[in-house]
2 protein chains.
Amino acid sequence: MTLVRSEKRTRRRRQILDAAWAIAAESGLGAVTLHEVARRVGIRQPSLYVYVESKLNLYDAMFADAYEELFTRIEAAPAGGTAREQLLRLSRIVLDFSVESPPRQQLLFGRTIPGFEPSPASYELAERALQRGRNLLAAAGAASPAQLDAYTAVVAGLGAQQVANDPGGRRWTRHLETMVCLVLDHFPDQEKELQ
Amino acid sequence: MTLVRSEKRTRRRRQILDAAWAIAAESGLGAVTLHEVARRVGIRQPSLYVYVESKLNLYDAMFADAYEELFTRIEAAPAGGTAREQLLRLSRIVLDFSVESPPRQQLLFGRTIPGFEPSPASYELAERALQRGRNLLAAAGAASPAQLDAYTAVVAGLGAQQVANDPGGRRWTRHLETMVCLVLDHFPDQEKELQ
DNA sequence: GTCTATAACGAGATAGAC
DNA sequence: GTCTATCTCGTTATAGAC
């Protein structure tokens, strides 16, 4: 009985998150309001407070939700090949994931919601994902911090440009493999200047 | 007399834009409200409508204001050197400009304000800036559309990462010259696959 | 867990006097 | 050009009944 009850609770939370993502996709992340979420779920706005502490807490739940989805996709992918192949596969998953939903990209990789900061627990998810890239990058021969930063800039840049200027298309994302290899093969692995 | 009057008007508009940018810098672009802008300028909120048609119109004025500032900086820079030198100089100006103010970056290069789209006049300013990069890129030997996209992704990516993860620092921006040269020297100038 | 009712507030926008 | 006054609407959040 208790199990059934917590299952229902989980289901409701799922509905709430889905509704929030739907609103964000239609009208922007900043357009998510508790009234509209409740309306779509089919309950009254005060009832949301059973599942969510506050509006910022809802954003945090969305943040964590997104990373869990990302991990699911990463784990569902094939695992073999060279380090470079694995890195390219991971990069493709992350870029597609980021480009698929502009508000999700905004929530995860921008700091654009006034007052929102991921909770420690949510931030840890982000850190875990980054660690994955760091490890593969090192295994592929790019171990320096500068190379990691160049790599993240490439992935973030392709994603940002794709979403802002060709939403739904492939104009920027198709250059992912080329550009990651550019960083792997030609980015200087030693800092030229120490200042 | 008419001149004096339009001068006062211009001054007020300047005050209004400055106040809006200040609020955005302190609390985020989405936190700009007409009430708060008016409070800082020292007038009442309805008086703003003499200078601005609506809130979205204020955002558009900020958009145009930012590009005018960018052009001022570009024209103030020295003009000589090889095409590559000029391109690196322009890129540095744009990147510094973009990183200097997170809300400005958000307004210019993201599509994050629900309902806001730059007016045709404002959009033309953006197009003019991009054209400048396109010309220099071509002169530096990178004439293909793919190279232009790789270039904009690099600049946008460094800016986005810098603002999101090391605001006020140089962790990403210092790699600008290295990465632009990477695109110039090693990005394939022919599309490898036509699909 | 969901409801009604409502508090408390702030937003953008308009009318009309001065 | 600036003001007061106000409309209308929406927001987050809480209290308390069922």
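The figures here come from the full heavy-atom set of this structure, side chains too, leaving out hydrogens, waters and symmetry mates. Chain naming here is simple, since letters A, B, ... match the order of the sequence lines and numbering starts at 1 in each.
The CD1 atom of B/I16 sits 15 Å away from the C1' atom of C/dG12 (whole-angstrom rounding). As rounded to whole Å, 15 Å separates atom C1' of C/dG1 from atom CZ of A/R11. Going from atom NZ of A/K8 over to atom C1' of C/dG1 covers 10 Å, rounded to whole Å. If you take CG of A/L58 and C1' of D/dT12, they are 12 Å apart, rounded to a whole angstrom. Rounding to whole angstrom units, CG of residue B/L48 and C1' of D/dC3 are separated by 13 Å. The distance between atom CZ of A/R39 and atom P of C/dT2, rounded to the nearest whole Å, is 18 Å. When rounded to the nearest whole Å, the span between CD of B/E53 and C1' of C/dT14 equals 15 Å. Separating the CD atom of A/E36 from the P atom of D/dC9 is a distance of 17 Å, rounded to the nearest angstrom.
Closest contact between the side chain of B/T33 and the listed nucleotides C/dG12, D/dT4, C/dT4 involves C/dG12. Listed nucleotides: D/dA13, D/dA5, C/dA11. Nearest to the side chain of A/L34: D/dA13. Nearest nucleotide to the B/I43 side chain, out of C/dA5, D/dC3, C/dG1: D/dC3. For B/P46, whose side chain is taken as the heavy atoms from C-beta onward, the closest listed nucleotide among C/dT2, C/dA15, C/dG12 is C/dA15. Minimum atom distance to the side chain of B/R44 is reached by D/dT4, of the listed D/dT4, D/dT2, D/dT14. Residue A/V50 places its side chain closer to C/dG1 than to any other of C/dG1, D/dT2, C/dT4.
The only member of A/R174, A/R171, A/Q161, A/Q162 that meets side-chain hydrogen bond (donor to acceptor under 3.5 Å, both in side chains) when paired with B/D149 is A/R171.
Summary of the strand contacts: A/Y49 and B/G42 both lie near DNA chain D, and taking for each the nucleotide with the nearest heavy atom, the more 5' one is attributed to B/G42. Nearest-nucleotide positions on DNA chain C for A/R9 and B/K55 put A/R9 closer to the 5' end.
In plain terms, the two heavy atoms of B/V41 and B/I16 that are nearest each other are CG2-CA, 3.9 Å. Taking each heavy atom of B/S98 and B/G159 in turn, the nearest pair found is OG-CA, 4.4 Å.
Side-chain atoms of B/Q45 and base atoms of C/dA13 include a donor and an acceptor less than 3.5 Å apart.
For C/dG10, neither phosphate oxygen OP1 nor OP2 lies less than 4.0 angstrom from any side-chain nitrogen or oxygen of B/H35. Remark: A/S47 is not in phosphate contact with C/dG1, judged by side-chain N or O atoms under 4.0 Å from OP1 or OP2.
Checking side-chain atoms of B/E124 against main-chain N and O of B/A121 turns up no donor-acceptor pair under 3.5 Å. In this structure, B/R12 contributes its side chain and B/Y51 its backbone to no donor-acceptor pair below 3.5 Å.
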